[in-house]
Participant: 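Just passing along the structure, written as structure tokens.
Counting begins at 1 with the first residue of the sequence.
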Amino acid sequence: MISSDRLLGLVVAGFGCVLLVWLVPNFVSSHPGDPLDPSLFPRAAGWLITLLGILLFLFAGSGGSVPPRREVLVFGSFVVALLLAAFWLPKVGFLPVACSLMVASLLLLRERRPLWALLTLFAVPAFVWFLFEVLLQRSLS
């Protein structure tokens with residue numbers, strides 16, 4: 001029987017492949033030859049996700065078990081939050097959606113450290129916005 005860690009590795013690697021083969025080519029504009037090609041970051045993320053999924057599959061321990069139902073529901077809730085974020089992103093912009101997604105993440109992960117929560121809530125979306133909008137001059141909306 002396949003361990004849950006190996007199964008998770010296959011799912012993660014599969015998502016990375018879907019990102020590389022379908023999502024990025026169909027939904028991200030590409031400008032070959034441009035050093036700031038908008039598809040560069042999503043493609044790099046797709047390769048990294050695929051590689052990490054394969055590594056998890058190859059090096060998974062044999063003692064993995066199926067996660068409890070509550071964890072599966074939390075994961076499903078986060079997937080719903082991601083879909084809602086994708087829907088609202090073009091309508092309200094990156095920063096409000098990213099901060100809302102950070103709130104959902106903190107609630108679903110039951111984060112209890114206030115400093116870490118505030119840093120995650122404000123610094124991560126602000127850094128991503130600054131990196132893409134200001135430094136790379138690429139729109140996130």
Participant: Of all heavy-atom pairs between Val97 and Gly93, which one has the smallest distance, and what is that distance?
Facilitator: CG2-O, 3.3 Å

Participant: Do Trp116 and Val124 share a hydrophobic cluster, counting only Ile, Leu, Val, Met, Phe, Trp and Tyr and linking them when any side-chain heavy atoms are less than 4.5 Å apart?
Facilitator: no

Participant: Would a 4.5 Å heavy-atom cut-off, applied to side chains only, mark Val134 and Trp129 as touching?
Facilitator: yes

Participant: Any side-chain heavy atom of Leu101 sitting closer than 4.5 Å to one from Phe78?
Facilitator: yes

Participant: State plainly whether one hydrophobic cluster holds both Val128 and Trp88, where clusters connect Ile, Leu, Val, Met, Phe, Trp and Tyr through side-chain heavy atoms under 4.5 angstrom apart.
Facilitator: yes

Participant: Let me confirm one number: the CG-CZ distance from Leu23 to Phe15, rounded to the nearest 0.5 Å.
Facilitator: 6.5 Å

Participant: Hey, any chance Val18 and Val12 share a hydrophobic cluster, counting ILVMFWY side chains that come within less than 4.5 Å of each other, even indirectly?
Facilitator: yes

Participant: To the closest 0.5 Å, what do you measure between CG (Leu107) and CD (Glu111)?
Facilitator: 10.5 Å

Participant: What heavy-atom pair brings Ala86 and Pro90 nearest, and what distance separates the two atoms?
Facilitator: O-CD, 3.4 Å

Participant: Consider only side-chain heavy atoms of I, L, V, M, F, W and Y, link residues closer than 4.5 Å, and tell whether Leu106 and Val103 are in one cluster.
Facilitator: yes

Participant: Rounded to the nearest 0.5 Å, how far does CZ of Phe130 lie from CG of Leu136?
Facilitator: 10.0 Å

Participant: With a cut-off of 6.0 Å (strictly less than), are more than 12 heavy atoms of other residues, nucleotides or ligands near CG of Leu83?
Facilitator: yes

Participant: Please round to the nearest 0.5 Å and tell me the distance separating atom CE of Met102 and atom OG1 of Thr120.
Facilitator: 7.5 Å

Participant: What pair of heavy atoms forms the shortest contact from Ser39 to Val28, and how long is it?
Facilitator: CA-CG1, 3.6 Å

Participant: Going by the salt bridge (charged side-chain N to carboxylate O under 4.0 Å, His left out) test, which pairs reach into residues 9-31, not counting sequence neighbours?
Facilitator: none

Participant: Nearest 0.5 Å, please: how far is CZ in Phe57 from CG in Leu7?
Facilitator: 9.5 Å

Participant: Rounded to the nearest 0.5 Å, what's the gap from CG on Leu89 to OG on Ser100? Could you check?
Facilitator: 11.0 Å

Participant: Looking at every heavy atom in both Gly46 and Thr50, which two are closest together, and how far apart are they?
Facilitator: O-OG1, 2.8 Å

Participant: Please check if the number of heavy atoms outside Phe59 that lie under 6.0 Å from its CZ is greater than 12.
Facilitator: no

Participant: If I compare all heavy atoms of Arg6 with all of Leu58, which pair ends up nearest, and what's the gap?
Facilitator: NH1-O, 3.7 Å

Participant: Does Arg70 have any salt bridge (charged side-chain N to carboxylate O under 4.0 Å, His left out) partners at least two apart in sequence or in another chain, and if so, which?
Facilitator: none

Participant: Would you say Leu73 and Phe75 are hydrophobically clustered, going by side-chain heavy atoms of ILVMFWY under 4.5 Å?
Facilitator: no

Participant: Answer with yes or no after comparing the ring centroid distance for Phe132 and Phe94 against a 6.0 Å cut-off, counting only values under it.
Facilitator: no

